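Since the structure comes first, as structure tokens, the remarks are kept for the end.
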Amino acid sequence: MLLAERFCKELGYPLVPREKLSLPALIDKYQVAGVIVAAPDKVFYYTGEEEFFFHPNMAAVRIKDIRSGKTDQMVKAMDLRPGDSVLDCTLGFGADAIVSAFVTGTSGTVLGLEVSPVIAALVRYGIKNYNFKSKLLSSTMRNITVINASHYEYLLQTAANSFDIVYFDPMFRQPKYKSSNMTPLRKLADLSPLNRDVLVEALRVARKRVVVKERRGSSEFARLGIDRIEGGKYAPVVYGVKNKDND
Ligand SMILES: C[S@@+](CC[C@H](N)C(=O)[O-])C[C@H]1O[C@@H](n2cnc3c(N)ncnc32)[C@H](O)[C@@H]1O
């Protein structure tokens, strides 16, 4: 089966011939919001203005830093250890999940939930097929399981204490225009804020703690009832922590 066919089958999208059309002309002809292009060297979603494709750039940099002994603030906020299980409720490009998978190692597990079917399909393909220079990183990434689901529904169906850490990195309310790696994602992603019902379920499902990433100074923490904030002293993003035993 052609790669493009596999994506169409998974997403329930029609498979159309390219007919030597440019991608904007293809979008115009079929009057669609975007197309998935499955080329041998790259699979991407094209919206007429931007391309979305999986690339684990940031994860590689962070893992290199961890290996050289630097502190990764997400890992610290999670108190993540080898063998832990992580439920990443907002998978997106998967950078945080890859870092988690590196720390938890082969004895741990990382399951990523992503509500956008296109993002989930591209990232699932990417983490199974992208090759880092380092074999260890490639095999680390292959340990992540991707599920296309909304986190609230998934949490509701999950037994208490199923994962050591439950993690959220919701789209920021104010886009960070300087951060270009999230710009294409905003077109495809669910931008809804978290709510307290989701946090209640997350705490039930977590064995150790729930961690929420937000911008420094965000009013989201107060709205969600999270008062323990961790992170670098001057970092633009910080982590809200809710420990299981505090609640
Ligand atoms: C800021 S991005 C996450 C980035 C990710 N942590 C990374 O390292 O690449 C947030 C992602 O969560 C997804 N999302 C938002 N609401 C969701 C929900 N209810 N269930 C699952 N995924 C959701 C968005 O579609 C988006 O892809």
Side-chain angles (χ1 to χ4, degrees), residues 11 33-34 45 47 50 52-63 65-66 72-75 77-78 80 86-104 110-127 130 137 140-141 144-158 163 165-202 205 210-216 218 220 224 231 235-240:
L11 292 163
Y45 179 78
T47 61
E50 283 151 329
F52 171 82
F53 58 92
F54 171 80
H55 198 286
N57 237 346
M58 278 315 293
V61 173
R62 285 169 62 189
I63 290 172
D65 283 350
I66 293 171
D72 183 279
Q73 295 296 341
M74 178 197 79
V75 172
M78 287 178 171
L80 199 58
V86 177
L87 179 64
D88 184 330
C89 288
T90 48
L91 181 69
F93 281 104
D96 289 333
I98 296 170
V99 172
S100 295
F102 174 73
V103 176
T104 58
V110 177
L111 194 155
L113 304 177
E114 173 52 56
V115 74
S116 154
V118 173
I119 298 174
L122 292 181
V123 174
R124 182 184 295 116
Y125 178 79
I127 60 171
Y130 184 92
L137 288 197
T140 285
M141 199 164 62
I144 301 169
T145 305
V146 177
I147 296 185
N148 173 216
S150 177
H151 46 59
Y152 186 53
E153 279 70 37
Y154 190 88
L155 287 164
L156 283 176
Q157 294 166 16
T158 303
F163 293 87
I165 312 293
V166 179
Y167 176 69
F168 296 91
D169 172 16
M171 298 300 290
F172 293 126
R173 247 44 67 225
Q174 302 290 323
K176 283 196 296 171
Y177 288 114
K178 279 187 203 150
S179 144
S180 57
N181 63 333
M182 283 292 158
T183 311
L185 193 68
R186 292 192 78 83
K187 284 251 167 77
L188 289 171
D190 187 328
L191 308 180
S192 323
L194 282 185
N195 63 49
R196 281 186 181 238
D197 293 343
V198 174
L199 270 199
V200 168
E201 288 307 313
V205 167
V210 175
V211 175
V212 179
K213 178 176 171 184
E214 263 297 342
R215 298 189 89 166
R216 179 181 292 283
S218 168
E220 285 298 276
L224 294 167
V237 293
V238 287
Y239 299 88

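Worth knowing before you read on, the calculation uses all heavy atoms, side chains too, and leaves out hydrogens, waters and symmetry mates. As the structure is a prediction and not an experimental result, all values here were calculated from the model. Just so you know, ligand 1 is whichever comes first in the structure, and atom 1 is the first atom listed for that ligand.
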Any [X] side-chain heavy atom under 4.5 Å of [Y] side chain:
X	Y	value
Arg62	Asp96	yes
His151	Val115	no
Ile98	Ile63	yes
Asp65	Asp72	no
Thr47	Phe52	no
Glu114	Val123	no

[X] neighbourhood, listing ligand 1 atoms whose heavy-atom distance to it stays under 4.0 Å:
X	value
Ala189	24 (C), 25 (O), 26 (C), 27 (O)
Leu113	21 (C), 22 (N)
Cys89	20 (N), 21 (C), 22 (N)
Ile119	27 (O)
Gly94	7 (C), 9 (O)

Give the minimum heavy-atom separation between Gly126 and Met141, together with the two atoms involved.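 Taking every non-hydrogen atom into account, O-CE, 4.1 Å.
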[X] N/O to ligand 1 N/O under 3.5 Å:
X	value
Leu188	no
His151	yes
Phe93	yes
Tyr167	no
Asp169	yes
Tyr152	no
Val115	yes
Ala97	no

With a 6.0 Å cut-off on the ring centroids, do His55 and Tyr130 count as close? yes
Side chain of Ser150, backbone of Glu153: donor and acceptor closer than 3.5 Å?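 Judged by distance alone, no pair lies under 3.5 Å.
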Can you check which of Gly92, Ala59, Ala95 brings a heavy atom nearest to atom 7 (C) of ligand 1?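 The nearest heavy atom belongs to Ala95.
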Given Cys89, which of Phe168, Tyr154, Tyr167, Tyr152 fulfils the side chain to side chain contact (heavy atoms under 4.5 Å, CB included) condition?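 When Phe168, Tyr154, Tyr167, Tyr152 are each tested with Cys89, the side chain to side chain contact (heavy atoms under 4.5 Å, CB included) holds only for Phe168.
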Please state whether [X] comes within less than 4.0 angstrom of ligand 1, counting heavy atoms only.
X	value
Ser192	no
Ala149	yes
Leu91	yes

Rounded to the nearest 0.5 Å, what's the gap from CG on Leu91 to CG on Asp169? Could you check?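 So the CG of Leu91 and the CG of Asp169 are separated by 10.0 Å.
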